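Note that the structure is predicted; figures quoted are calculated from it, not measured.
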Amino acid sequence: MPLSDRLLKAFGIANSGLASDSVVPQANNLASREVAERRFDQAGALANPDAWTSYQTIMRQPQTLEEQMRLWEEMSAWDLVAAALVELSEEATQPDFISGKTIWYTCSDKKKETELNTLLETIEAESVIQSQVYYVAAFGNNFEKLHYAPGKGVLGMSFAHPMDVRRHWLVKNRRCVGFRWKQQQPDKTDIFQQNNMAVPRVAIGNSSSAEDLWYPWDFLHMRRMQRMRTNEHGEPLFNEAQGVYKKLRVAIDQMLVYRAQIQPDRYTIKVDVKDQAPADQYRTVQRWKQQLRSKMSFGSGANTGQMNLPTDYKVYYDPWALDTVLFIAQPSGFQHAIDKIAGTTAVPDVFDIELLMNLFYSVMGMPQSWFGAKSGGESGGQAPASGKALLAQDMRFLRKVKSVRRPLIDAYTWLAYFHILLQGDNPENYDVEARMSDVGSLEDQMRLELLTAQIDLLGKVTESFKTLNVPDHVIVE
């Protein structure tokens, strides 16, 4: 073992990754001087200046559905988006004031209506509907694996993550032909029977490696279509904010790094290097760095003559962070000194982040004031919340909620007809509709205000006619 490694091990800093010549004086020969000069040059090396290429790579739009799903998962886990999704899920699943239910069925046949509402209790729809709203808003898709039996109907359903399920369809009419589930493949012996005839599964792939798909009715697919016409999967609530999200993440990270660099206090340690050459100055400064970075305390080990056991010594590292201490080599005429550099307290506001925040929340359809991101007052901020429900404060948010609720209502309506079909009944004999609590109070209020304005205008016109002595039958006409 080299002498430098033995010394490092003896002082408790072995295998630390530090170069031996940074803490141990080197021999004054040609090889040692070349190593010192090379390390001195490496210390002043510049980073890769081609940051624009990396930025463009980060800002690149996803090209495949897999990439798109991963980006949606990342966005939904971000603090700002997660808080918005929680608010939206709670607002979209408010129970009905009279029945206390979040979702229920109405049917032309009252007996069948009671049976279908019992189905909702069987599959525990009330306990999972908020999660379903969340995934439709966050991924644009929610999949429920249905468990059913002919003659009995739907018996239950279990969640399947949108990242694991893919919908397959025909190009000519976009009709669903089956689902592919990464977590499980269908049982080849489990064949669906209709009119005493087996319904074959659709297989994908070539003849040697064909894979059977699940039946189109094996999954309850809730999807928010919007602009997604290139495939049959839905898109999340914040799909239009992908570019703004990436720029905002980068801007916030840069702001935090910038503030962490200029705001804290720092200490400057000036090392007196006399008349040493630059390479020797580097080694001297490195030795001082190591000396201030760690303090060794030797304990009473089993063998005091050899320090090989972990109990023979302990290492206490200095709590100062690496970027809070600056080491400066001072030439001849100076002495060792430690100075304190005060951090910058007056850091200006970052207006580009405020712009990106406004763009982000405008896409989400939710004002910043709902999350405390911007308060009202003389500073020109938005007005604080009025105490009303969020759905009654902003028309854009109301429409966003409706776009998320619509897929759930359609899916549960289809589920009711499928349940009736499994029981051997004809779904065409019933008019079934899934219902959720009314969230259109803001629109109703606007219609009422419009009707009130029309009545006021009619009254003013009538008074004007009477002032002009217009006969009553003419006014009525």
Check your understanding: Does the distance from a Lys or Arg side-chain N to an Asp or Glu carboxylate O, for D425 and K112, drop under 4.0 Å?
Key -> yes
Review point. For W414, what residues pass the ring-ring contact (aromatic ring centres under 6.0 Å, His included) criterion, not counting sequence neighbours?
Key: F418
Review point. Backbone N or O of E87 within a donor-acceptor pair of the E91 side chain at under 3.5 Å?
Key: no
Exercise for review: Under the ring-ring contact (aromatic ring centres under 6.0 Å, His included) rule, collect the residues that match up with F139, sequence neighbours excluded.
Suggested key: Y135, H161
Practice item. Keeping the roles fixed (side chain from N426, backbone from N429), state whether a donor-acceptor pair exists under 3.5 Å. Key: no
**Study point:** Backbone N/O of L422 and side chain of Y148: donor-acceptor pair under 3.5 Å
**Key:** no
Study note, to complete from the structure: Interatomic distance, NE2@H419 vs CG@L120, rounded to 0.5 Å, equals 9.5 Å
Review point. So, the side chain of T93 versus the backbone of Q130: is there a donor-acceptor pair under 3.5 Å, distance only?
Key: no
Exercise for review: Could you pull out all residues at least two apart from Y417 that satisfy ring-ring contact (aromatic ring centres under 6.0 Å, His included)?
Suggested key: none
Practice item. May I ask you to decide if R223's main-chain N or O and N141's side chain share a donor-acceptor pair within less than 3.5 Å? Key: no
Taking only distance into account, with no hydrogens and no angle test, what donor-acceptor pairs under 3.5 Å do side-chain atoms of residues 177-184 form with protein atoms, sequence neighbours excluded?
{"unit_1": "R180", "atom_1": "NE", "unit_2": "E211", "atom_2": "OE1", "d": "3.1"}
{"unit_1": "R180", "atom_1": "NE", "unit_2": "E211", "atom_2": "OE2", "d": "3.3"}
{"unit_1": "Q183", "atom_1": "NE2", "unit_2": "D164", "atom_2": "OD2", "d": "3.2"}

Review point. So which pairs with a foot in residues 111-131 pass ring-ring contact (aromatic ring centres under 6.0 Å, His included), sequence neighbours left out?
Key: none
Point to revise | With T118 via side-chain hydrogen bond (donor to acceptor under 3.5 Å, both in side chains) - residues at least two apart | key: none
Check your understanding: How long is the span from the CG atom in N142 to the CG atom in L408, to the nearest 0.5 Å?
Key -> 7.0 Å
Check your understanding: Quick one: do the Q242 and Q68 side chains pair a donor with an acceptor below 3.5 Å?
Key -> yes
Check your understanding: Applying salt bridge (Lys or Arg N to Asp or Glu O under 4.0 Å), which residue pairs with at least one partner in residues 124-148 are found, sequence neighbours left out?
Key -> none
**Study point:** Residues that W78 engages under ring-ring contact (aromatic ring centres under 6.0 Å, His included), provided they are two or more places apart
**Key:** Y245, F360
Revision key, fill the gap. Contacts of R166 meeting salt bridge (charged side-chain N to carboxylate O under 4.0 Å, His left out) (sequence neighbours excluded), chain-then-number -> E66
Check your understanding: Has the side chain of Y412 got a donor or acceptor atom that lies under 3.5 Å from a matching backbone atom of Y105?
Key -> no
Review point. Which residue pairs pass the salt bridge (Lys or Arg N to Asp or Glu O under 4.0 Å) test when at least one of the two sits in residues 185-206, sequence neighbours left out?
Key: K188-D212, R201-D218
Revision key, fill the gap. Residue set satisfying side-chain hydrogen bond (donor to acceptor under 3.5 Å, both in side chains) with R405, at least two apart, ordered chain then number -> none
Exercise for review: Please work out which of the three classes, parallel, tilted or perpendicular, describes the rings of H221 and F143, given edges at 30° and 60°.
Suggested key: parallel
Check your understanding: Looking at residues at least two apart in the chain, or sitting in another chain, which of them share a side-chain hydrogen bond (donor to acceptor under 3.5 Å, both in side chains) with S403?
Key -> R224
**Study point:** Atom pair CG/OG of L220 and S158 - distance to nearest 0.5 Å
**Key:** 11.0 Å
Exercise for review: Answer yes when E113 and K110 have at least one side-chain N-carboxylate O distance shorter than 4.0 Å, and no when they do not.
Suggested key: yes
